Amino acid sequence: MECLSCLLGFLLLAASLPLDAAKRFHDVLGNETTSGYMRREYSQLNGWSSDENEWNEKLYPVWKRGDSRWKNSWKGGHVQAILTSDSPALVGSTLTFVVNLAFPRCQMEDVNGNIVYEKNCRNDTGPSPDPYVYNWTEEVDWGSGSGPGYHVFPDGRPFPHHPGWKRWNFVYVFHTLGQYFQKLGRSSARVSMNTANVPLGPQLMEVAVYRRHRRSYVPIAKVKDVYVVTDHIPVFVTMYQKNDRNLSDETFLRDLPIMFTVLIHDPSHFLNESAIYYKWNFGDNTGLFVSNNPTLNHTYVLNGTFNLNLTVQATVPGPCPSPSPKPPKPTSFLPANLKSYSTSPASASDNPLELRETPDEMCQIHRYGYFKATVTIVEGVLEVTIIQMRGVLMPAPQPASPLMDFVVTCRGATPTEVCTIVSDPTCQRTHSSVCEPVDVAMAGGCLLTVRRAFTGPGTYCVNLTLGDDTSLALASTHVSVPVRDPASPLRMADGALVSVGCLAILVTVITLFVYKKHKGYKLIENSTGIEVKGRGLSVFLNRAKAVFRPGNQEKDPLLTHQPGIL
């Protein structure tokens with residue numbers, strides 16, 4: 001009897017040996033740790049399988065890190081797998097993973113799924129006479145797909161025969177939370193996973209990639225990445241203010257509105273049917289602002305540092321949780337229109353049988369997101385206005401580039417820099433750009449005259465900015481620079497002065513000639529008359545000089561104070 005028991009035990013042990021020796025998914029994909037494997041129980045992911053299933057090592061060989069066979073797993077170099085996801089994900093939403101294969105230099109995938117060499121591309125080994133790296137189309141027929149064969153996944157499941165599946169020559173195996181998902185693809189693969197049963201916090205996703213090789217598959221790459229599932233709404237806030245010189249330093253200007261825009265990270269549109277409210281506290285004792293609009297403007301009227309707080313609340317419709325069975329109470333009664341969500345089964349119902357009669361009952365789950373920031377408010381240049389444009393008349397010879405003066409004024413802080421950009425009339429093509437510091441004493445209460453040169457006559461677009469360390473205010477205008485006629489007002493004025501001078505000399509000569517002739521015919525004894533007539537001549541000459549040499553006239557006292565010219 002004892003011998004019979006030993007024999008049965010030996011047979012059972014022998015029968016179990018193949019099972020123990022068989023590779024399993026967690027042995028292949030679980031960080032290559034076959035000994036001391038610690039398992040944790042996770043909730044079932046929809047469409048995924050347990051990594052306790054067996055792995056077909058004959059069809060999909062398993063190579064450990066450092067195995068020499070990795071060097072020859074791909075012609076011409078190594079393939080890199082790049083894994084990305086749209087993490088973080090709100091629990092209950094859909095999380096998507098994407099794997100892209102980066103081939104060695106000069107290699108690419110063609111429309112038929114084959115790997116070919118790029119044209120006119122030279123790698124380290126020079127151009128290849130064969131255009132194909134892997135010509136899977138002519139390598140071997142896939143077969144009809146019926147019965148056992150090599151066109152199966154590592155767990156033995158057959159490939160899905162969707163349209164064009166024969167051109168997909170890569171097998172991707174995704175592994176996370178003790179479960180795996182197999183996918184046939186080309187040089188890129190995408191997998192989506194619902195996070196309703198995923199634990200909160202960071203998790204690890206690992207992917208193994210195989211390529212087709214005759215009637216088996218060869219491992220070419222492994223990659224892993226961390227993803228995050230959270231019960232808080234992922235919230236980001238952008239802050240924009242006109243005239244703010246640096247939008248990333250969280251320093252803004254007083255007395256100008258700041259536009260706050262809330263961005264909710266929800267790539268799977270899980271919150272599309274939710275009612276979302278935004279509660280703002282700007283930290284300046286202006287109170288609480290509640291809005292259902294993700295964009296809000298706020299103006300700080302004092303300088304200083306303020307703590308900004310935002311709370312986002314979303315009411316998510318979803319199925320009510322299944323209550324735990326409890327003994328019915330004789331005095332309990334289930335309301336027919338129960339809609340609220342509670343984590344306590346007793347508060348939802350005292351009669352589980354009545355809940356089962358309304359399986360489509362929907363509840364509301366509240367999710368929250370939070371954002372905090374510290375903003376600094378300072379004084380800056382708020383506005384720039386061009387109040388006058390005028391040409392500059394220069395003495396001969398005229399400069400090659402005509403000059404224009406722009407008289408500008410601003411509101412806010414005194415600027416420390418002035419910049420001018422001169423462009424074509426469409427304001428697209430820049431002709432010149434000049435920046436100069438502003439002397440604070442020269443600014444004169446933010447009243448400046450900016451002098452700029454132009455390449456020639458025509459119409460220009462002028463952008464003029466005044467700024468300091470934190471602000472930058474802009475004013476734009478179109479200016480028409482006239483043609484410089486040789487008979488310009490300045491030259492005409494010079495010609496008029498020359499003509500008047502010549503005429504004065506001529507009149508003086510004629511007057512002296514007439515005077516001398518008249519003096520020769522007068523008697524000497526008539527001295528009194530001579531004196532009188534001499535005074536008359538003097539008066540005549542003085543009047544002539546007054547005509548041709550006008551004296552100084554009184555100037556407008558308002559024009560004596562002119563802004564400095566830059």
Side-chain angles (χ1 to χ4, degrees), residues 242-243 245 253 379-498 550 552-566:
K242 181 183 178 183
N243 296 356
R245 191 158 194 164
L253 311 180
E379 188 176 8
V381 183
L382 305 182
E383 185 180 4
V384 176
T385 304
I386 301 175
I387 60 176
Q388 187 180 7
M389 298 181 295
R390 61 195 178 204
V392 180
L393 298 178
M394 301 295 291
Q398 288 288 321
S401 301
L403 302 177
M404 295 287 292
D405 278 350
F406 299 87
V407 182
V408 298
T409 183
C410 67
R411 182 171 65 91
T414 302
T416 59
E417 180 186 49
V418 56
C419 294
T420 308
I421 299 177
V422 179
S423 310
D424 66 334
T426 64
C427 303
Q428 299 296 322
R429 187 163 54 89
T430 301
H431 294 328
S432 63
S433 177
V434 179
C435 289
E436 294 176 341
V438 175
D439 188 354
V440 177
M442 189 178 178
C446 205
L447 178 64
L448 302 173
T449 297
V450 181
R451 177 168 294 177
R452 289 294 179 259
F454 294 83
T455 57
T459 302
Y460 298 88
C461 172
V462 178
N463 290 332
L464 195 147
T465 58
L466 300 179
D468 57 11
D469 293 338
T470 59
S471 60
L472 197 66
L474 168 69
S476 298
T477 186
H478 281 83
V479 60
S480 180
V481 178
V483 178
R484 286 295 183 186
D485 191 356
S488 63
L490 187 59
R491 294 191 178 185
M492 291 177 64
D494 293 340
L497 291 176
V498 173
N552 294 332
Q553 298 178 358
E554 182 182 359
K555 295 183 179 180
D556 188 348
L558 295 178
L559 301 179
T560 59
H561 177 70
Q562 293 292 337
I565 298 177
L566 296 179

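Everything numeric here is computed off the predicted structure, so don't read it as measured data.
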**Student:** Please step through salt bridge (Lys or Arg N to Asp or Glu O under 4.0 Å) for the pair Glu436 and Arg452, ending with a clear verdict.
**Tutor:** CA-CA 11 Å; Glu436 294 176 341; Arg452 289 294 179 259; 3.8 Å; yes
**Student:** Would you give the length of the straight line joining atom CG of Asp424 to atom OG1 of Thr459, rounded to the nearest 0.5 angstrom?
**Tutor:** 10.5 Å
**Student:** Measure the CD-OG1 distance between Gln388 and Thr409 for me, rounded to the nearest 0.5 Å.
**Tutor:** 12.5 Å
**Student:** If I compare all heavy atoms of His478 with all of Pro425, which pair ends up nearest, and what's the gap?
**Tutor:** NE2-O, 2.8 Å
**Student:** Would a distance-only check, ignoring hydrogens and angles, find a side-chain to backbone donor-acceptor pair under 3.5 Å from Asn463 to Ile421?
**Tutor:** no
**Student:** So do Val381 and Arg245 actually touch side chain to side chain, heavy atoms under 4.5 Å?
**Tutor:** no
**Student:** Out of curiosity, Cys461 SG to His431 NE2, how far, rounded to the nearest 0.5 Å?
**Tutor:** 9.5 Å
**Student:** Using 0.5 Å steps for rounding, measure from the CD1 atom of Ile387 to the CZ atom of Phe406.
**Tutor:** 13.0 Å
**Student:** Only one of Asp468, Leu472, Val384, Leu466 passes side chain to side chain contact (heavy atoms under 4.5 Å, CB included) with Pro415; say which it is.
**Tutor:** Leu466
**Student:** Quick one: does Ile386's side chain get under 4.5 Å of Val408's, heavy atoms only?
**Tutor:** yes
**Student:** Measuring only between side-chain heavy atoms, which start at C-beta, is Ser471 closer than 4.5 Å to Glu379?
**Tutor:** no
**Student:** Going by heavy atoms in the side chains, are Asp405 and Arg451 under 4.5 Å from each other?
**Tutor:** yes
**Student:** Rounded to the nearest 0.5 Å, how far does CG of Leu464 lie from OG of Ser476?
**Tutor:** 9.0 Å
**Student:** Is the shortest heavy-atom distance from the side chain of Thr455 to the side chain of Val422 under 4.5 Å?
**Tutor:** no
**Student:** Which heavy-atom pair separates Met404 from Val479 by the least distance, and what is that distance?
**Tutor:** CE-CG2, 3.5 Å
